[in-house]
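Labels below follow one simple rule: chain letters A, B, ... track the order of the sequence lines, proteins then strands, and each chain is numbered from 1.
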Amino acid sequence: MTDLSPSGATAKNMAYPLNAWYVAGWDYEVNRKKILSRKIADRPMALYRTEEGRPVALTDACWHRLAPLSMGSLVGPDGVQCPYHGLQYNSAGRCTFMPAQKTINPSAMVNSFPVVERHRFIWVWPGDPMLADAALIPDMHQMGSDEWAGDGKTIEVRANYQLVLDNLMDLTHEEFLHSSSIGQKELSESDIEVTHDDRTVTVSRFMENIDAPPFWLKNMRDKFPDFEGKVDRWQIIEFQMPSTICIDVGVAKAGTGGLTGDRSQGVNGYVMNTISPVDQANAMYYWAFMRNYRLESQRITTELRDGVHGVFAEDEEMLTAQQQAIVENPDHEFYNLNIDAGGMWVRRLIQRAVEAERSMMASDADLSDAKG
Amino acid sequence: MSQGTQLRWQRATVLSHRAAAEEIAEIVLAGEAPLFTEPGAHIDVRVLPGRTDSESVRSYSVVEGAADGSWVKVGVRRSPTSRGGSRFMHALKPGDALEVTAPLQNFPLRVGAPRYVLLAGGVGITAIHAMARVLKRLGTDYQLIFVGRSRPAMAFLEELREEHGPRLRLSVDDEGDVLDVHELLADVDASTEFYMCGPIRLMDAVRRAWIERGLPLPNLRYETFGNSGWFDPEEFELRIRGSERNTVVSSEESILEALERVGVEPMYDCRKGECGLCVVKAQQLNGVIDHRDVFFDEEEKSSDTKLCVCVSRVASRSGAGAEACGADSSAHARPSLTLDFP
Ligand code: FES
Ligand code: FES
Ligand SMILES: [Fe+2]
């Protein structure tokens, strides 16, 4: 299950912290039309909204015979009815109706997971509900801000979620994997800087006075229609626990201060990524591309979304192939390069969180021992 | 317990054994495999070593467990009508081995309600203890009511008082302090969650008052071990319609056990009066049915046409507690019942 080796070798499949917020879906995917079925961190969940519009996540398995509640229907102001023998549950997961009897078995209930709607996503806490703190939801404020516009999609990746995080933390791969859109040789020629704290890791890369790759040239011309010449390009990748990566990207006319703070002569985008582990070999990858110029243009929003979708399809193909190769080469290790520094810090933070969850259990025990 | 599901039995060892109150033993067990528990969980124990039938199994609430699964603590009341279970448990000594299941959850505590009331009667505190501790740790608004016969008979009093201070309310019978259920429910609103474990009389009273007040039923959570009724257990005759296998049910066995003893094969699962799987039609009742289950509602109970044979009994109308039912106290012959067993 978990694959945390103390030897220093890098895990090919990472365990996931459970006491953490993960995206279960886009806000519009959770509704009163259809109960959504999603699995997060090995936990199947049924998602819907109450009549008041509050999102709810229940275990997607009925207390009685484990039929998926997501195949059932909505009943009452906040409940669901199991499709099989009709047991009903309220949004707290409490059974409220049983067929063929007048009382309700007092133990009948399904798990109700803590849920928060924020940044256009529905966030769910699969772990100990007592620890669910909405303040720990990653900052993705660009998703809902008036100063940013954009849209995104979901990719169902047949790979361990950590491979997606590795992919986003090291954009050197753009030069090779995305050569027709955003790749260029300066990516691997320029240095990266990696910083971190307890919950974040940041990788920055700046490229001065270079030709804009095709994707960025087009964006520059959306803002500055007759743009010609060299640009300064930046990528600031920020990881937030447990699995969100927001990347500040853009180019500005060379020498106008784009790398030091004045981005007025450039175009700035934010690639918003949040990845939810489904199980050890699958992940849901939610992303959006937000921009801070030409906010009114739906054309640009759609073109950017479809353009990035094309780029990410290249990543998806690689991640799936990589996971496949991992399965087929069980004895082969992962080796690391200096370009992996960001991803390695992410792995270390995640590993620490997983270990902390385990030792929290142990220290609880010490506490009650001391109390006698 | 869950007879129908595959339970994995494992060996456990007694780490310590002491008296937690008059007639209540506190037993700490270590399993072969880690025993992870949560508030409201119980373990099943084989109290008749060497046997694997239903009669050999008892459920005990987990009072507390090590977070690393290295031990669990259960509290066991010595029952005056022990069918062997509490006798076995009380006789254990440190180092003894026994067979147990991992903790099973039938009485889960949900976090997130604005207010909680926890009610424990007697040995019911074993199921409620861990819930109170969690609610305290979370800083939630809760009240803990502990009802008992007398202080020396109430387990864990000291630690409860230390942990819960003014949130703990004691109601001790022999101090003349009788719990007023209506008063208790007066400040309960529709968002309050109520968890109780204790004698059936207490729980019935709460359930009735709860329904009277129109409070939402799903917020009333309870668990019973079916070991207390309205009447003291007594002997009664059991006839099985169209069968030669009539018998006398002693005060120390259940109808279910008596049926198995004479070779009838009843269906059952929880053996706590919750699931309704053991329900059998009753006829030719001489006496009253002491419904000790929580499966039937009041109306079904008063019609006396069916009963849960795992916990319910027959009592003569002169039994202790008869006043509570407003029954007369004239003497009768041995009570009896005919079961319409298919
Ligand atoms: S499986 Fe859901 S009601 Fe039976
Ligand atoms: S066996 Fe469940 S009510 Fe009797
Ligand atoms: Fe990529």
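- Nearest heavy atom pair, residue A:Asn105 against residue B:Glu274, reads ND2-O, 3.5 Å.
- Residues A:Asn90 and B:Pro218 come closest through the heavy atom pair ND2-CB, 4.2 Å.
- Salt bridge A:Lys102/B:Glu298: absent, no basic N to carboxylate O contact under 4.0 Å.
- Separation of atoms OG (A:Ser107) and CD (B:Gln105) is listed at 8.5 Å; rounding is to 0.5 Å.
- Remark: A:Leu131 CG to B:Leu138 CG distance equals 8.0 Å, nearest 0.5 Å.
- Looking at heavy atoms from C-beta onward, A:Met109 lies in side-chain contact with B:Pro108 at the 4.5 angstrom threshold.
- Within 6.0 Å of CZ on A:Arg348 lie no more than 12 heavy atoms contributed by other residues, nucleotides or ligands.
- Of the atoms belonging to A:Ala108, it is backbone heavy atoms, and not side-chain ones, that fall under 4.5 Å from chain B.
- Taking each heavy atom of A:Thr103 and B:Val294 in turn, the nearest pair found is OG1-O, 3.7 Å.
- Residues B:Asp297 and A:Gln101 form no side-chain contact, since every pair of their non-hydrogen atoms from C-beta on lies 4.5 Å or further apart.
- A:Pro106 has its side chain within reach of B:Tyr222: a pair of non-hydrogen atoms, C-beta onward, lies under 4.5 Å apart.
- Summarising the local packing, CZ of A:Arg65 is surrounded by 12 or fewer heavy atoms from other residues, nucleotides or ligands at distances under 6.0 Å.
- Ranked by non-hydrogen atom pairs under 4.5 Å with chain A, the options B:Arg207, B:Glu193, B:Glu299 are led by B:Glu193.
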